[in-house]
Amino acid sequence: MLRSHTNGTLRSQDDNQQVSLCGWIHRLRDLGGLILADLRDHSGLVQLNLTDFGSKDPKRLKQMRRESVVRVSGRVSKRPTESINPQLPSGEVEIAVTAVEIFNEVQDLPFIFDAQVQTKEALKLKYRYLDLRSPQLQTNLRKRAKVCSEMRKLFEAEGFCEVNTPILYKPTPEGARDFLVPSRHYPGTAYALPQSPQILKQLLMIAGMERYYQITNCFRDEDLRSDRQPEFGQLDLEASFITQAWLHDLAQKICRNIWNSSSISLKPLCYSDAMNWFGSDKPDLRFALPAIDITTSCSKALSAAPPFADILSTKTHKISATFASDKIMNFSRKNLDDLITHMQNNHEHKTFYFKVAQKTLSGGIAKWITPELLENMENLCLEVHKQLQQADLATSSPSMLNHKTDFSHGVWFVSAVTQHHHMPDTVSRLRSYLGDNETKTQLKKPGEYAFLWLHSFPLFTWDDDTQQLSATHHPFTLPAIEHQELFFALHNDNANNNATAILSEAFDVVCNGYEIGGGSLRIYKADMQQHMFSILGLSPQQIQKQFGFLIEALRYGAPPHGGMAFGLDRIMMLLLETNNIRDVIAFPKTTQGNCLMSGAPQKLQDEDLKDLHLKHSQPI
RNA sequence: GGGGGAGUAGUUAAGUUGGUUAUAACGCCGGCCUGUCACGCCGGAGGCCGCGGGUUCGAGUCCCGUCUCUCCCGCCA
């Protein structure tokens, strides 16, 4: 060992000990007759007293610049009482340094990475290894490792076996664009990097593994965001002979373990309720603020109101309302204008408001709201809140409404759309706007997490672009047990009017408005899987070519099975309360998919292309 | 594919209706300083104002193009 102790762990009990320490010079303070420095390693800081050393060897002292990496030898000594630093765990002692070895001097640093100043993202990414020295990123990476290690313990205890599935695999037609790796041996062919190990883990169930898990990276070649990287961590699992209820309990154990809280419960909420109440399949249930459907009750009352004339003239219109009481937020005229502007960025949607104070209506569309309509809206709203209470959702939130008197002060928001099956997403946007203004609204308490088990998703979604049914979850999802007859009654001829009414055995785990995981029971019979592909518009030839091996495998004794996957990056973002995915990944890429540190992706040389049987489509 | 924001010293920023030598803080270099811990004080060096074009007597500033970063929409089960 090059060192005898770690820096941050030295205490007054170590007084007089002879020590060798390694680390980086964190700061150096030359007071003239007294020279002090902080030495940093993973355990923390300790103060070096370099006064004697510096007078003997001023040349080497000069080399001990900030961030040089050194070994020092010396003796632990208690600091004078008046110089104890209570802020520092090792603040009662310092090291009287007698010898210094400089492993590496340091050039002028490209940025001041331990200062409060916010350095530009691009520069930090270029020197990521320096940025990673910051305490915050160190903590984040260590916390991520801790979560993974706890997960491994949990899965081992539950009888799961970790199996590595290949990174070089096969392009899949579902979902996102694949990253492709051209093959050298077979001209014109390519591997794809997996978007998830979905089929492979199902094959492991057919192989009799019974319980598989893997902590692995998955790849999607789509445009990036502050919470999205081209490769991302997944906590993936699959199990045989299980039910959805079993998966719910396992998911709950996983969340309790990660958040280290035994009181966490994944509260069940079905998809249609989520959409009707919150206009979203991943609502943030730290607060209530549900919408009510007033389409039928308000049409007559509002038919004379000019703002609604256009929308009410369409047959498919939908009108919803949400009440935000003064208990949550006292809206100024400016707040309201900001909010309406924020929500109005889609032409098919319109949102209006009116204020209530002491039974008097004012502002916005107040003059078209009749007393009967208002009464009706209050009753509908109370009814929904009652249902939320019964489902144990958002019950501790100050936004819950229990009595008529709760409506005496506040703002009603009325959203109208020309066409929608469920609540308009204006409802969802209104909720997230109010939620995000927590300094004003105080809807969210710090450190609070609201978990949901979203279930009963529709099996299919109608895709207007392709004029076809697509799988809501993925094409391996088992139709809801009670809807399997309906499923087999579907034809592959586009005349499936009631296909979207068929529910599935898919579910999502939602936390604070983020989808952190999802899964399903899977189809385990060949004929059902084949039928599914044909309903989705695949020809028998396509099915055979792309999924023939899976369908064949299902004929050799496939057990009933199901599983799920958790997004590791999202979970870490929630745990560490950051909204940028770069904070939870060691070497992230930019939003254009570049690695500024290494310069990846890199231009290919002609000989590389030749090996891969590729040509540039245009000169580069 | 579309929209918003940003790019000035090593770093973070300021820069007025276009007008002398482009400011400051931190960092760096030199000097002073015996109890600091974001040490302090004095002095100094350091600039293709992202890149290319245009308007103008004159452009960091106005216009066009382009590159990069960033945030959002589309997209991502």
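Residue numbers begin at 1 in each chain, while the letters A, B, ... track the order of the sequences.
- Residue A/Leu34 places its side chain closer to B/U34 than to any other of B/C69, B/C37, B/U34.
- Separating the P atom of B/C49 from that of B/U8 is a span of 11 Å, rounded to the nearest Å.
- Remark: A/Arg220 is not in phosphate contact with B/C75, judged by side-chain N or O atoms under 4.0 Å from OP1 or OP2.
- Comparing A/Arg582 and A/Pro80 along RNA chain B, the residue whose closest nucleotide (by nearest heavy atom) sits nearer the 5' end is A/Pro80.
- B/A13 and B/A6 have their C1' atoms separated by 13 Å, given to the nearest Å.
- Spacing between atom CD of A/Glu67 and atom C1' of B/G10 amounts to 15 Å, rounded to whole angstrom units.
- Across the protein-nucleic acid pair, A/Ile581 atom CD1 and B/C76 atom C1' stand 12 Å apart, rounded to whole Å.
- Look at A/Arg66 and you won't find any side-chain N or O under 4.0 angstrom from OP1 or OP2 of B/A38.
- Side-chain N/O atoms of A/Lys120 include one lying less than 4.0 angstrom from OP1 or OP2 on B/A13.
- Distance check on atom P: B/C29 versus B/G10 gives 15 Å, rounded to whole Å.
- The residue A/Asp281 sits apart from the nucleic acid: no heavy atom pair falls under 4.0 Å.
- When the side-chain nitrogen and oxygen atoms of A/Arg65 are compared with OP1 and OP2 of B/C29, one or more of them lie within a distance under 4.0 Å.
- The residue A/Asp223 sits close to a base: some heavy atom pair falls under 4.0 Å.
- Between A/Ile112 atom CD1 and B/C28 atom P the separation is 9 Å, expressed in whole Å.
- Base pairing annotation: B/A45 forms no Watson-Crick or G-U wobble pair, as no partner gives both donor-acceptor distances under 3.5 Å.
- Atom CD1 in A/Ile242 sits 9.5 Å away from atom CE in A/Met205 (nearest 0.5 Å).
- Pairing for B/U12 goes to B/A24, judged as Watson-Crick or G-U wobble with the two contacts each under 3.5 Å.
- A/Glu121 has its CD atom 7 Å from the P atom of B/C71, to the nearest Å.
- Here A/Arg220 does not pair with A/Asp178 in a salt bridge; the nearest charged N to carboxylate O distance is not below 4.0 Å.
- Residue-level contact check: A/Lys62 touches the backbone only, with heavy atoms under 4.0 Å from sugar-phosphate atoms and none from bases.
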For A/Asp14 and A/Arg11, what are the C-alpha separation, side-chain angles and deciding distance, and is it a salt bridge (Lys or Arg N to Asp or Glu O under 4.0 Å)? CA-CA 6 Å; A/Asp14 301 308; A/Arg11 297 291 182 270; over 6 Å; no
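- No hydrogens or angles were tested; on distance alone, a donor-acceptor pair under 3.5 Å links the side chain of A/Gln47 to the base of B/U36.
- The aromatic ring centres of A/Phe547 and A/Phe533 sit less than 6.0 Å apart.
- Base pairing annotation: B/G40 forms a Watson-Crick or G-U wobble pair with B/C32, both donor-acceptor distances under 3.5 Å.
- If you check every strand for non-hydrogen atoms under 4.0 Å, A/Pro110 touches sugar and phosphate atoms only.
- Classification of A/Asp236 and A/Lys201 as a salt-bridged pair holds, one side-chain N sitting under 4.0 Å from a carboxylate O.
- The phosphate of B/C69 has OP1 or OP2 within less than 4.0 Å of a side-chain N or O from A/Thr590.
- Of the side-chain N and O atoms in A/Arg79, none sit less than 4.0 angstrom from OP1 or OP2 of B/G35.
- Across B/A22 and B/G58, the matching C1' atoms stand 16 Å from one another, rounded to whole Å.
- Distances shorter than 4.0 Å separate some side-chain N or O of A/Thr591 from OP1 or OP2 on B/U70.
- Of the P atoms belonging to B/A9 and B/G50, the separation is 8 Å, rounded to the nearest Å.
- Put simply, A/Asn49 has no side-chain N or O that comes within less than 4.0 Å of OP1 or OP2 on B/U34.
- Heavy atoms from other residues, nucleotides or ligands lying under 6.0 Å from CH2 of A/Trp24 number 12 at most.
- Here the C1' atom of nucleotide B/G50 and the CG atom of A/Leu123 are 14 Å apart, to the nearest Å.
- In this structure, OG1 on A/Thr590 lies 7.5 Å from CG on A/Leu125, to the nearest 0.5 angstrom.
- For B/C69, the OP1/OP2 oxygens have a side-chain nitrogen or oxygen of A/Asn594 closer than 4.0 Å.
- As a whole-Å value, the separation of A/Leu50 CG from B/C39 P is 14 Å.
- Taking the six-membered ring where the residue is Trp, the centroids of A/Phe487 and A/His531 are separated by under 6.0 Å.
- Counting distance only, with no hydrogens placed and no angle test, the side-chain atoms of A/Glu94 and the base atoms of B/G35 include a donor-acceptor pair under 3.5 Å.
- Under 3.5 Å, the side chain of A/Arg27 and the base of B/C37 form no donor-acceptor pair of N or O atoms.
- Minimum atom distance to the side chain of A/Asp108 is reached by B/C28, of the listed B/U11, B/C28, B/G74.
- Distance noted for atom C1' between B/A24 and B/G47: 15 Å (whole Å).
- Here A/Ser226 reaches the OP1 or OP2 of B/C72: one of its side-chain N or O atoms lies under 4.0 Å away.
- In this structure, A/Gln87 places its CD atom 12 Å from C1' of B/A38, rounding to the nearest Å.
- Within the shown strands, nothing qualifies as a pairing partner of B/C75 under the Watson-Crick or G-U definition with both distances less than 3.5 Å.
- Note: A/Ser520 OG to A/Arg522 CZ = 4.0 Å, rounded to the nearest 0.5 Å.
- Counting any heavy atom pair closer than 4.0 Å across all strands shown, A/Leu88 reaches no nucleic acid atom.
- Counting non-hydrogen atoms under 4.0 angstrom, A/Asp30 reaches a base of the nucleic acid.
- Contact annotation: A/Arg225 reaches the phosphate of B/C73 (side-chain N/O to OP1 or OP2, under 4.0 Å).
- The NZ-P distance, from A/Lys124 to B/U11, rounds to 14 Å in whole Å.
- Annotation: B/G31 and B/U23 have their C1' atoms spaced 25 Å apart (nearest Å).
- In a base pair of the Watson-Crick type (N1 to N3 plus N6-O4 or O6-N4) or a G-U wobble (N1-O2 and O6-N3), with each distance short of 3.5 Å, B/C69 is matched with B/G5.
- Look at A/Arg29 and you'll find a side-chain N or O under 4.0 angstrom from OP1 or OP2 of B/C39.
- Within the 4.0 angstrom heavy-atom criterion, no nucleotide atom of any strand lies near A/Leu45.
- With C1' as the reference atom, B/C57 and B/G52 are 23 Å apart, rounded to whole Å.
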